[in-house]
There are 2 protein chains.
Amino acid sequence: MKQDILGKLEELGYRVTPQRAMIVAAINHSDDHISAEEIYAQVRAKYPHVNISTVYRTLETLKEIGLVTETDMGEGRVRYHPAGKGHHHHLVCQECGATIDLDETVLSNLKDALRREYGFLADLRHLAIFGHCVKCKQ
Amino acid sequence: MKQDILGKLEELGYRVTPQRAMIVAAINHSDDHISAEEIYAQVRAKYPHVNISTVYRTLETLKEIGLVTETDMGEGRVRYHPAGKGHHHHLVCQECGATIDLDETVLSNLKDALRREYGFLADLRHLAIFGHCVKCKQ
DNA sequence: GCGGTTAATGCAAGTATTTGCAAATGCTAA
DNA sequence: TTAGCATTTGCAAATACTTGCATTAACCGC
């Protein structure tokens, strides 16, 4: 089966409520990174009763379990991504807003160094690194 | 070169208002990392008229110029630090909340790699890296 | 010093997210 | 099937920060 988030939730003793099922579906069907507000809009279309705080609480739970990653790309709102769909990172230009996708491996040296030198297991699964792109560095 | 934030502001054509002077003083006098609310409280003690939005706007300006760094240590509020007081980073344990200070050099390899491979000039001056510390990794 | 201009401030309303609490509901055991 | 109970939800209020706009006040030239 694919990255079965709902199955994992159930397995861990969380309740699989219709709200959670729809929130998870919204995250899975978004190829892109999706915001809480976008998830809320999608779920509400089918089930107008949901509350935005349920969306946030579900996202919090999924983050804790490690099933979704959360990234602040500097838009004033955070975006979510299913962890099972592959890890990557983003370079975000603070000048022009351009984003460059980065392979996970770019940070593996850092991760190893932190584990080796500090015994620290860094969660570097979906990072946004700010700075200036080729065009914008003066 | 001393870290004369106000002088730098003036030099760049920004107006040196009493509000800005007091906000900068609060940041400079804090040995620790200071939050917007803490700055606001300190400034208001001397000058009750200030508004919290002035604090946020001043911090935004100082960030843009590169005179202060902003770091989200996962407390639900962001902390500020004068950039002139030396660069460092933090490892933050998501389990127990412990923070480990990190020297700037730990990230210099990464910074070089990003510049070499992507032409991207990363602003890695005060980062918080989340994960699990020695005691908390299962 | 004195006014003009323009940046900076205060205020109030808005946005994104979090939290406390009572009511609803999924799951377990009988 | 249903009662029991803990988890989850909805709601409303709180928090951290941002923004639009009218007013104020730095700082420049005179």
Side-chain angles (χ1 to χ4, degrees), chain A residues 5-24 26-27 33-44 46-65 67-80 94 97 128, chain B residues 5-24 26-27 33-44 46-65 67-68 70-80 94 128:
Chain A
I5 295 186
L6 289 181
K8 190 76 186 172
L9 270 182
E10 193 169 22
E11 190 187 313
L12 290 171
Y14 292 90
R15 291 183 185 166
V16 177
T17 65
Q19 289 94 325
R20 283 180 173 169
M22 281 184 286
I23 291 165
V24 166
I27 299 170
H33 307 72
I34 191 169
S35 72
E37 206 66 44
E38 284 163 4
I39 295 170
Y40 179 50
Q42 255 180 261
V43 173
R44 199 167 38 164
K46 292 237 164 185
Y47 190 110
H49 197 49
V50 262
N51 194 274
I52 185 93
S53 63
T54 299
V55 174
Y56 280 109
R57 275 192 280 231
T58 299
L59 289 169
E60 182 65 29
T61 301
L62 295 174
K63 259 192 296 172
E64 272 171 36
I65 306 173
L67 296 175
V68 310
T69 57
E70 176 193 78
T71 309
D72 174 5
M73 317 253 286
E75 307 166 284
R77 113 198 58 144
V78 140
R79 292 191 169 274
Y80 300 87
Q94 289 169 311
Chain B
I5 295 186
L6 288 181
K8 189 76 186 170
L9 269 183
E10 194 170 21
E11 191 187 313
L12 291 172
Y14 292 91
R15 291 180 187 170
V16 177
T17 64
Q19 289 92 327
R20 281 181 175 170
M22 281 184 287
I23 291 165
V24 165
I27 299 170
H33 305 73
I34 193 169
S35 72
E37 207 64 46
E38 283 163 6
I39 295 170
Y40 180 51
Q42 256 181 261
V43 173
R44 201 167 37 165
K46 292 238 165 182
Y47 190 111
H49 197 51
V50 264
N51 194 274
I52 185 94
S53 62
T54 299
V55 175
Y56 280 110
R57 275 191 280 231
T58 298
L59 290 169
E60 181 65 28
T61 302
L62 295 174
K63 258 192 296 170
E64 272 171 35
I65 306 173
L67 296 174
V68 311
E70 175 193 79
T71 309
D72 174 5
M73 317 252 287
E75 307 167 285
R77 113 197 56 143
V78 141
R79 292 192 168 273
Y80 300 88
Q94 289 170 312

Sorted by chain and number, sequence neighbours left out, side-chain hydrogen bond (donor to acceptor under 3.5 Å, both in side chains) with A:Lys63 holds for A:Glu60, A:Glu70
Residue set satisfying salt bridge (charged side-chain N to carboxylate O under 4.0 Å, His left out) with B:Arg57, at least two apart, ordered chain then number -> none
Whole-Å distance, B:Asp72 CG to D:dT15 P, equals 19 Å
B:Gln42 meets the side-chain contact (heavy atoms from CB on, under 4.5 Å) criterion, sequence neighbours left out, with B:Ala26, B:Ile34
Between its two end axes (five pairs each) the helix from C:dG1-D:dC30 to C:dA30-D:dT1 turns, nearest 10 degrees, through 30°
Self-check item: Side-chain heavy-atom pair A:Ile27, A:Leu62 within 4.5 angstrom cut-off
Solution: yes
Quick note, salt bridge (charged side-chain N to carboxylate O under 4.0 Å, His left out) partners involving residues 10-24 of chain B, not counting sequence neighbours, are B:Lys8-B:Glu11
note: A:Glu64, atom CD; D:dT7, atom C1'; distance rounded to Å ~ 14 Å
Min side-chain heavy-atom separation A:Leu9-A:Ile65 under 4.5 Å: yes
Counted 5' to 3', the first and last nucleotides of DNA chain C within 4.0 Å (strictly under) of a heavy-atom of chain A are C:dA16 to C:dC27
Sorted by chain and residue number, the side-chain hydrogen bond (donor to acceptor under 3.5 Å, both in side chains) partners of B:Ser35 (sequence neighbours excluded) come out as none
The side-chain hydrogen bond (donor to acceptor under 3.5 Å, both in side chains) partners of B:Thr71 (sequence neighbours excluded) come to B:His126
Those residues at least two apart in sequence (or on a different chain) that pass side-chain contact (heavy atoms from CB on, under 4.5 Å) with B:Ile52 are B:Glu37, B:Tyr40, B:Tyr56
Taken in chain and number order and not counting sequence neighbours, the residues that satisfy side-chain hydrogen bond (donor to acceptor under 3.5 Å, both in side chains) with B:Asp72 are none
Atom CG of A:Leu9 and atom P of D:dT8 are separated, to the nearest Å, by 9 Å
Here the distance between atom P of D:dC27 and atom CG of B:Leu12, to the nearest Å, is 14 Å
Counting primed atoms, P, OP1 and OP2 as sugar-phosphate and everything else as base, the B/S/- map of nucleotides 16-26 of chain D against protein heavy atoms under 4.0 Å is SSBBB----BB
